[in-house]
Amino acid sequence: MKTYYLAVDIGASSGRHLLSHIENGKLVLEEIYRFENNLVKSKDGLVWDIENLFSNVLNGIKKCKEIGKIPKSIAIDTWGVDYVLLDENKNEIKPCFCYRDSRTSAVIDEIERLVSSAELYAKTGIQKQNFNTIYQLYSDKKNGRLQNAKYFLMMPEYLSFKLTGVCKNEYTNATTTGLVNANAKTWDADIIYALGLTEVPFLPLSLPSSHVGFLSEDIQKAVGFNCAVLFAPSHDTASAVCACPMSDNDLYISSGTWSLIGTEITEPILNDSARKLNFTNEGGIDYRFRFLKNYMGMWLFQNIRRNLNKKLSYDDMMNLAKNCGEYKYFDVNNSMLVAPKNMLEAIGKLINNDDLGLILNSAYHSLAKSYSEAVTEIETVTGKRFNSIHIVGGGCQDVYLNTLTRDYTGKNVTAGPIEATATGNIISQIISDKKISLATARKIVKKSFDIKEI
């Protein structure tokens with residue numbers, strides 16, 4: 001009898017449910033449900049429709065019963081930094097803000113007067129980004145949103161709570177808050193006290209592959225079965241890196257809405273060189289660290305395609321770029337590109353040209369150039385020379401970007417697995433169920449998928 005595991009993998013633009021089992025020593029993945037997850041422009045700002053989000057999570061789980069494949073466990077991963085506050089009755093304190101909302105810009109200077117950027121980095125190792133949870137929570141404090149908060153749950157924890165009724169905080173996603181001490185691997189009491197965030201109800205941190213609970217009675221009635229809910233590495237990049245078939249001398253690019261380029265280390269790098277280069281030390285499975293930089297990745301192309309009313313496929317846009325022959329560099333992390341009304345116009349202004357092919361080709365070359373610069377910086381800070389880059393996630397299907405990455409970095413480049421985040425989610429469940437090591441799980445991944453050399 002097959003043992004099934006369900007990964008609920010939700011990004012900032014879409015979500016999907018993938019069932020998996022092991023057959024002949026290989027993982028078999030089956031997508032059973034997919035849905036859109038778009039931010040909402042409301043009177044309060046940019047927010048998430050968490051009712052719709054959970055409704056889709058539930059609908060995807062119901063599919064398991066419909067097709068007669070009941071999972072032994074379920075785990076959820078999402079993007080980082082965003083959270084839901086609950087009151088004493090475990091009701092949501094709305095709205096649930098999206099990290100792309102601009103509300104944090106008013107509090108950053110005030111926070112740095114209380115705790116300097118250098119001190120924050122020396123403690124947490126997290127790169128300064130205006131949307132980090134630390135800034136969001138301080139904004140909530142200033143606006144009185146914390147007064148009735150009795151539970152603080154990152155997005156995957158909130159969705160797990162909705163399934164089980166159990167409130168827990170998970171380590172990998174917690175590290176994206178900028179409030180976890182990198183060495184102690186727990187909430188940093190000094191920072192929390194200095195910022196007056198003591199009213200935030202932080203819970204002890206649970207590790208990936210740990211047990212959250214079982215489906216509540218109401219959820220069991222809704223979906224038609226019961227099973228365990230586990231924590232994956234609940235930050236999607238942590239799950240993607242978990243599934244990355246790499247060695248100690250390799251780099252990775254988790255290529256999705258964001259491009260995250262880095263290496264896996266066992267001790268955080270908290271020195272001033274790393275801080276000034278804006279590297280981050282995010283938590284991973286087995287207390288490993290993802291030493292990486294964030295760049296806007298497929299976000300650029302996703303928005304351009306929306307601006308074109310989806311009249312062109314991603315392949316169409318790639319071919320337009322390849323055939324252009326010209327390009328101009330721009331900063332892919334320019335603040336104009338965080339949440340533009342029109343991405344085409346925003347990039348057009350940066351390169352002073354509105355030709356579609358040139359805009360697309362400039363985006364490709366600017367991304368690849370960013371990767372190359374990050375590789376040089378990683379080698380400088382770590383003192384290591386890296387041989388290969390493993391590109392994983394949906395963006396690894398972009399042959400042109402993969403080729404440019406190889407050409408700009410001068411490294412060996414491989415592409416795959418495509419469903420890296422869901423795969424990492426699943427192998428964390430298998431690690432829990434089968435009591436195997438991460439190294440053994442990664443061997444299963446390598447055996448299971450077609451990983452292409454570029």
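Quick note: numbers below take in every heavy atom, side chains included, and nothing from hydrogens, waters or symmetry partners. Position 1 is the first residue of the sequence, and the numbers go up from there.
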**OP:** Evaluate side chain to side chain contact (heavy atoms under 4.5 Å, CB included) for T78 paired with L159, printing each intermediate quantity in order.
**Re:** CA-CA 10 Å; T78 76; L159 296 171; 4.3 Å; yes
Pairs meeting criterion salt bridge (Lys or Arg N to Asp or Glu O under 4.0 Å) with involvement of [range], two or more places apart:
{"range": "residues 407-430", "result": "R16-E419, E379-K411"}
{"range": "residues 320-347", "result": "none"}
{"range": "residues 101-112", "result": "R103-D140, E110-K142, E112-K128"}

[atom1]/[X] to [atom2]/[Y] distance, rounded to the nearest 0.5 angstrom?
{"X": "S234", "Y": "N169", "atom1": "OG", "atom2": "CG", "answer": "9.5 Å"}
{"X": "L230", "Y": "S160", "atom1": "CG", "atom2": "OG", "answer": "9.0 Å"}
{"X": "N361", "Y": "L320", "atom1": "CG", "atom2": "CG", "answer": "10.0 Å"}
{"X": "N387", "Y": "D250", "atom1": "CG", "atom2": "CG", "answer": "6.5 Å"}
{"X": "N181", "Y": "I191", "atom1": "CG", "atom2": "CD1", "answer": "7.0 Å"}
{"X": "I430", "Y": "K72", "atom1": "CD1", "atom2": "NZ", "answer": "11.0 Å"}

Subject >> Heavy-atom closest contact (A7 atom, I426 atom, distance) >> reply: CB-CG1, 3.6 Å
**OP:** Of all the heavy-atom pairs spanning P208 and P233, show the shortest one and how long it is.
**Re:** CB-N, 3.7 Å
Original post:
Does CD in E36 sit with more than 12 non-hydrogen atoms of other residues, nucleotides or ligands closer than 6.0 Å?
Top reply: no
**OP:** Determine whether more than 12 heavy atoms belonging to other residues, nucleotides or ligands lie under 6.0 Å from atom CG of D272.
**Re:** yes
Taking ring-ring contact (aromatic ring centres under 6.0 Å, His included) as the definition, give me every residue that meets it alongside [X], ordered by chain and number, with sequence neighbours left out.
{"X": "H365", "answer": "Y327, Y408"}
{"X": "Y171", "answer": "Y287"}
{"X": "Y364", "answer": "F301, Y400"}
{"X": "F152", "answer": "Y83, F202"}

Subject >> Sequence neighbours excluded - ring-ring contact (aromatic ring centres under 6.0 Å, His included) pairs with any residue from residues 103-132 >> reply: Y99-F131, F131-W258
**OP:** Could you note down all residue pairs passing side-chain hydrogen bond (donor to acceptor under 3.5 Å, both in side chains) where residues 443-454 supplies at least one of them, sequence neighbours left out?
**Re:** none
Original post:
With sequence neighbours left out, what residues match E377 under salt bridge (charged side-chain N to carboxylate O under 4.0 Å, His left out)?
Top reply: K293
Subject >> Qualifying residues under salt bridge (charged side-chain N to carboxylate O under 4.0 Å, His left out), relative to R34, sequence neighbours excluded >> reply: E31
Original post:
Testing K63, K69, K2 for salt bridge (charged side-chain N to carboxylate O under 4.0 Å, His left out) with E30, which one passes?
Top reply: K69
**OP:** With side chain to side chain contact (heavy atoms under 4.5 Å, CB included) as the test, would you mind laying out the steps for I253 and I389 before giving the verdict?
**Re:** CA-CA 7 Å; I253 299 176; I389 301 175; 3.8 Å; yes
Original post:
Is the distance between the ring centroids of H390 and Y252 less than 6.0 Å?
Top reply: no
Original post:
Yes or no on side-chain hydrogen bond (donor to acceptor under 3.5 Å, both in side chains) for Q127 and N281, after CA distance, side-chain angles and deciding distance?
Top reply: CA-CA 8 Å; Q127 72 182 120; N281 295 264; over 6 Å; no
Subject >> Check against side-chain hydrogen bond (donor to acceptor under 3.5 Å, both in side chains), Q429 and S73 >> reply: CA-CA 7 Å; Q429 296 181 59; S73 59; 2.6 Å; yes
**OP:** Go through the side-chain N and O atoms of S102 and S105 and say whether any donor and acceptor fall under 3.5 Å apart.
**Re:** no
**OP:** Evaluate the side-chain hydrogen bond (donor to acceptor under 3.5 Å, both in side chains) criterion for residues D236 and S239: first the C-alpha distance (whole Å), next the side-chain angles of each, then the deciding distance (0.1 Å), finally the verdict.
**Re:** CA-CA 5 Å; D236 52 10; S239 270; over 6 Å; no
Name the atoms and distances for all side-chain donor-acceptor pairs under 3.5 Å in residues 348-356, with sequence neighbours left out.
| unit_1 | atom_1 | unit_2 | atom_2 | d |
| --- | --- | --- | --- | --- |
| N353 | OD1 | D355 | N | 2.8 |
| D355 | OD2 | G357 | N | 3.2 |
| D355 | OD2 | L358 | N | 2.9 |

Subject >> Intermediate values then yes/no, side chain to side chain contact (heavy atoms under 4.5 Å, CB included), I444 and F449 >> reply: CA-CA 9 Å; I444 296 173; F449 300 100; over 6 Å; no
Subject >> W48/L53 under side chain to side chain contact (heavy atoms under 4.5 Å, CB included): CA gap, chis, key distance, verdict >> reply: CA-CA 8 Å; W48 296 112; L53 185 57; 5.6 Å; no
Original post:
Between E157 and N173, is a side-chain hydrogen bond (donor to acceptor under 3.5 Å, both in side chains) present by the stated rule, with each step listed?
Top reply: CA-CA 9 Å; E157 301 159 359; N173 221 322; 5.9 Å; no
